[in-house]
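Read through the structure below, which is laid out as structure tokens, and then see the notes.
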Amino acid sequence: MKNQEIAEIFTRMADILEFKGENAFKVNAYRKAARVLTDLTADIEDLYNNKQLGEIPGIGQALQGKIEDYLLHNRISQYDALLNDIPKELFSLLSIPNFGPRTAALAYQKLGVQTLADLEKVIQNGDLVKLPGMGEKKVDKIHRGLELIKVSQTRISIAVAQSIIDQVISWLGEKAGTQITRITAAGSARRGKETVHGIDILAETPDGAAVLQLFTQMPNVTEITGAGDTKASVILENRYQVDLRAIPAASYGAALQYFTGSQAHNIKLRGIARDRGLKINEYGIFNEHGKIGGEQEEDIYRLLGMPWIEPELREDRGEIEAALQNRLPHLVTLDDIKADLHIHSTYSDGQLSVAEMAETIRSLGYQYMAFCDHSRSAFYANGLDENRLLQQLEEIRRLNERYSDFAILAGTETDILPDGSLDFPDHILKKLDFVIASIHSAFETDPTGRTIAAMKNPYVDVIGHPTGRLISRREGFALDIDRVIAVAAETGTALEINSYWDRLDLSDLHVKRAIEQGVKICINTDSHQAAHLTMMEFGVATARRGWAECKDIINTLPLEQFRARQKRNR
DNA sequence: GCCGTTTTCGGCCCGACTGTTTTCAGTCG
């Protein structure tokens with residue numbers, strides 16, 4: 001799939017055009033095209049071969065030509081041309097907070113700033129501050145932005161974001177008391193994205209000034225970067241930025257809608273509003289006579305002629321069209337999940353015994369679970385050989401006798417070996433209730449072929465963390481996800497959403513592609529200790545972002561139906 | 001550069017905040 005490669009070039013072309021002062025709408029057209037390509041579930045090469053490029057929204061004649069250029073020649077000539085007469089490190093420069101394209105152009109033209117080091121130098125020697133429109137404060141902000149990108153990445157994992165959100169909301173709830181009537185996270189955290197860019201919290205209050213002031217006085221605030229009538233921004237000790245917006249009740253719904261985004265979703269909604277003679281902003285929805293709604297988020301959608309849209313869908317990936325036609329998916333929820341089917345114990349590298357883990361999971365309200373400890377090749381994780389696996393199986397069988405309202409399945413997370421075979425022979429797998437197969441080593445060695453070989457084994461129920469990516473640390477291995485999805489559709493093998501915050505693998509877009517092909521998904525936590533179990537919420541959020549319904553997720557099945565499915569597939 | 005049941009030209013989402021300015025440009029979301 002070259003979708004992402006082309007999207008990245010379009011994004012860079014947008015950056016360059018913006019730097020060069022091109023028409024902002026033209027710049028926007030490139031950015032939109034990049035986003036559409038990123039979100040596309042189909043392979044751009046297939047669309048090209050079928051002469052369907054023109055059907056992609058936001059891709060007109062000119063961009064079709066550029067896509068064709070890339071597919072045929074592996075380069076886009078207009079892009080190569082644009083690379084002339086720009087700073088060497090333009091893209092790094094533009095990633096600096098408070099240093100945008102206009103300022104970059106000014107610094108390049110007047111001072112020859114080409115690199116981050118050049119910028120540092122003209123800040124230090126006082127040249128930058130002398131430029132028109134510059135001043136001490138502006139330069140100071142740019143300097144701090146420059147320091148910031150040296151030490152931290154700008155995106156926060158959903159797990160960290162959620163923990164910060166919980167802390168802020170609980171602190172404010174305690175201190176502000178009844179001054180705050182509603183409070184919630186907005187932005188990409190509310191949309192359940194795997195990483196979050198800035199944390200945005202909305203508080204409904206009749207006294208915004210007091211609440212905002214309180215917010216800036218939180219004990220872990222190290223810097224206040226903004227404080228107006230409606231919004232305050234702070235940097236916390238852990239270097240993360242949190243914004244709080246104080247909203248009166250009459251516009252809380254409109255503000256929640258507005259600040260939840262995504263930007264692309266909102267732009268499309270505004271276009272629809274405009275076509276209908278309406279206007280939407282963070283204060284409400286208006287016709288020519290004045291405000292007609294905005295207290296509740298539903299108002300906005302209702303007055304545009306559509307049902308309320310779940311936040312996880314708001315990416316302009318077809319959800320607005322679906323809403324207008326009243327065919328939105330009924331997304332799976334955390335409550336629908338009946339089992340956690342990828343759990344480790346002290347038999348391999350887990351922290352709790354089989355009995356302790358089972359009891360903890362039962363107390364969370366699940367109907368059943370599966371132990372899937374590592375197999376012997378995962379020696380670093382104390383993987384089980386056949387004897388220890390059978391020993392664990394016996395212990396699980398005995399433990400099950402304690403429960404009438406809960407079932408423990410005996411399983412394994414067997415390694416997929418470099419030759420595509422599994423760590424246990426079929427006659428052992430056959431004894432188990434549930435089998436996950438995962439790649440943990442030799443990432444370079446034909447991951448696609450090995451995964452497909454594993455799926456063709458009738459005892460393999462699920463492929464664990466299929467792409468092997470670690471969000472903060474490594475790209476997934478070179479897996480041809482579309483081939484894997486196609487084979488999974490044939491074999492009936494489910495693909496995992498591993499809910500661990502740094503995996504979230506499959507990703508939301510992969511989930512969408514899989515379920516479009518009729519492939520089933522299994523959402524697991526891969527917990528090694530009790531604290532990991534709550535990460536199920538991130539996996540469910542990822543599934544929801546992939547438009548998954550209950551019927552797409554095998555661990556929403558009640559135990560008897562789940563067992564019947566297992567039987568059919570073997 | 002894209003797009004079209006008012007348009008193949010003339011629109012394109014909208015506002016807060018900041019810092020610079022003396023009415024506005026740049027950045028951000």
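Since the structure is predicted, the reported quantities are computational estimates derived from the model, not experimental observations. Computation of the quantities below employed the complete heavy-atom set of this structure, encompassing side-chain atoms and omitting hydrogens, waters and symmetry-equivalent molecules.
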With distance as the sole test, does A/Asp502 use its side chain to make a donor-acceptor pair with the main-chain N or O of A/Leu470 at under 3.5 Å? no
Atom [atom1] of [X] to atom [atom2] of [N]: distance rounded to whole Å?
| X | N | atom1 | atom2 | answer |
| --- | --- | --- | --- | --- |
| A/Leu53 | B/dG1 | CG | C1' | 16 Å |
| A/Ile224 | B/dC17 | CD1 | P | 15 Å |
| A/Ile247 | B/dA16 | CD1 | P | 11 Å |
| A/Ile67 | B/dG1 | CD1 | P | 13 Å |
| A/Lys141 | B/dT20 | NZ | C1' | 12 Å |
| A/Glu18 | B/dG1 | CD | P | 15 Å |
| A/Lys26 | B/dG10 | NZ | P | 19 Å |
| A/Ile56 | B/dC3 | CD1 | C1' | 16 Å |

Quick check on contacts: within [range], what sits under 4.0 Å from DNA chain B by heavy-atom distance?
| range | answer |
| --- | --- |
| residues 302-319 of chain A | none |
| residues 27-50 of chain A | A/Ala29, A/Tyr30 |
| residues 109-131 of chain A | none |
| residues 268-283 of chain A | A/Arg270, A/Arg274, A/Lys279, A/Ile280, A/Asn281, A/Glu282, A/Tyr283 |

Can you name the side-chain contact (heavy atoms from CB on, under 4.5 Å) partners of A/Pro329, sequence neighbours left out? A/Leu313, A/Leu331, A/Trp547, A/Glu549
List the residues meeting side-chain contact (heavy atoms from CB on, under 4.5 Å) with A/Thr222, not counting sequence neighbours, and say none if there are none. A/Ile235, A/Glu237
Pick the [atom1] atom in [N] and in [M], then give their distance to the nearest Å.
| N | M | atom1 | result |
| --- | --- | --- | --- |
| B/dT7 | B/dC2 | C1' | 14 Å |
| B/dC13 | B/dC3 | C1' | 16 Å |
| B/dG1 | B/dT5 | C1' | 24 Å |
| B/dG26 | B/dT21 | C1' | 13 Å |
| B/dG11 | B/dT20 | P | 35 Å |

Pairwise 5' ranking along DNA chain B for A/Gln64 and A/Gly226, keeping only the more 5' one: A/Gln64
For A/Met134 and for A/Lys66, locate the closest nucleotide of DNA chain B by heavy-atom distance; then report the residue assigned to the nucleotide nearer the 5' terminus. A/Lys66
Residues, nucleotides or ligands: over 12 heavy atoms within 6.0 Å of A/Asn125 CG: yes
Could you check whether atom CD of A/Gln124 has more than 12 heavy atoms from other residues, nucleotides or ligands sitting under 6.0 Å from it? yes
Does a donor on one side chain and an acceptor on the other come within less than 3.5 Å for A/Thr115 and A/Asp118? yes
Centre of A/Phe91's six-membered ring, under 6.0 Å away, within 45 degrees of the axis: is that where NZ or CZ of A/Arg12 sits? yes
Hey, can you pull the donor-acceptor pairs under 3.5 Å for the side chains in residues 253-263 of chain A, sequence neighbours left out?
| residue | atom | partner | partner atom | Å |
| --- | --- | --- | --- | --- |
| A/Gln257 | NE2 | A/Asn266 | OD1 | 3.0 |
| A/Gln257 | NE2 | A/Tyr301 | OH | 3.1 |
| A/Thr260 | OG1 | A/Arg190 | NH1 | 2.8 |
| A/Thr260 | OG1 | A/Leu256 | O | 2.6 |
| A/Ser262 | OG | A/Ala264 | N | 3.4 |
| A/Ser262 | OG | A/His265 | N | 3.2 |
| A/Ser262 | OG | A/Arg314 | O | 3.0 |

State which residues pass ring-ring contact (aromatic ring centres under 6.0 Å, His included) with [X]; sequence neighbours excluded, sorted by chain then number.
| X | value |
| --- | --- |
| A/Phe19 | A/Tyr108 |
| A/His143 | none |
| A/His465 | A/His440 |

Taking the side chain as C-beta and beyond, is there a heavy-atom pair between A/Ile9 and A/Met13 under 4.5 Å? yes
Can you find a pair of side-chain heavy atoms, one from A/Val540 and one from A/Ile497, that are under 4.5 Å apart? no
Among A/Glu312, A/Glu315, A/Glu310, find the one that has a side chain to side chain donor-acceptor pair (under 3.5 Å) with A/Arg545. A/Glu315
What string of B, S and - do you get for nucleotides 23-29 of chain B, 5' to 3', when a contact is any protein heavy atom under 4.0 Å? ---SSSB
Would you say A/Thr230 places a side-chain N or O within less than 4.0 Å of OP1 or OP2 belonging to B/dC17? yes
Salt bridge (Lys or Arg N to Asp or Glu O under 4.0 Å) contacts in which one or both residues fall within residues 73-95 of chain A, not counting sequence neighbours: A/Arg75-A/Asp80
Paired with B/dC28 by Watson-Crick or G-U wobble geometry, both distances under 3.5 Å: which nucleotide is it? B/dG15
After noting the C-alpha distance and the side-chain angles of A/Ser233 and A/Gln241, does the key distance pass the side chain to side chain contact (heavy atoms under 4.5 Å, CB included) rule? CA-CA 7 Å; A/Ser233 301; A/Gln241 177 169 332; 3.8 Å; yes
Classify the nucleic acid contact of A/Pro57 as base, sugar-phosphate or nothing, counting any heavy atom under 4.0 Å across all strands shown. sugar-phosphate
Determine the sole option in A/Arg513, A/Arg317, A/Arg544 for which the salt bridge (Lys or Arg N to Asp or Glu O under 4.0 Å) test with A/Asp508 is passed. A/Arg317
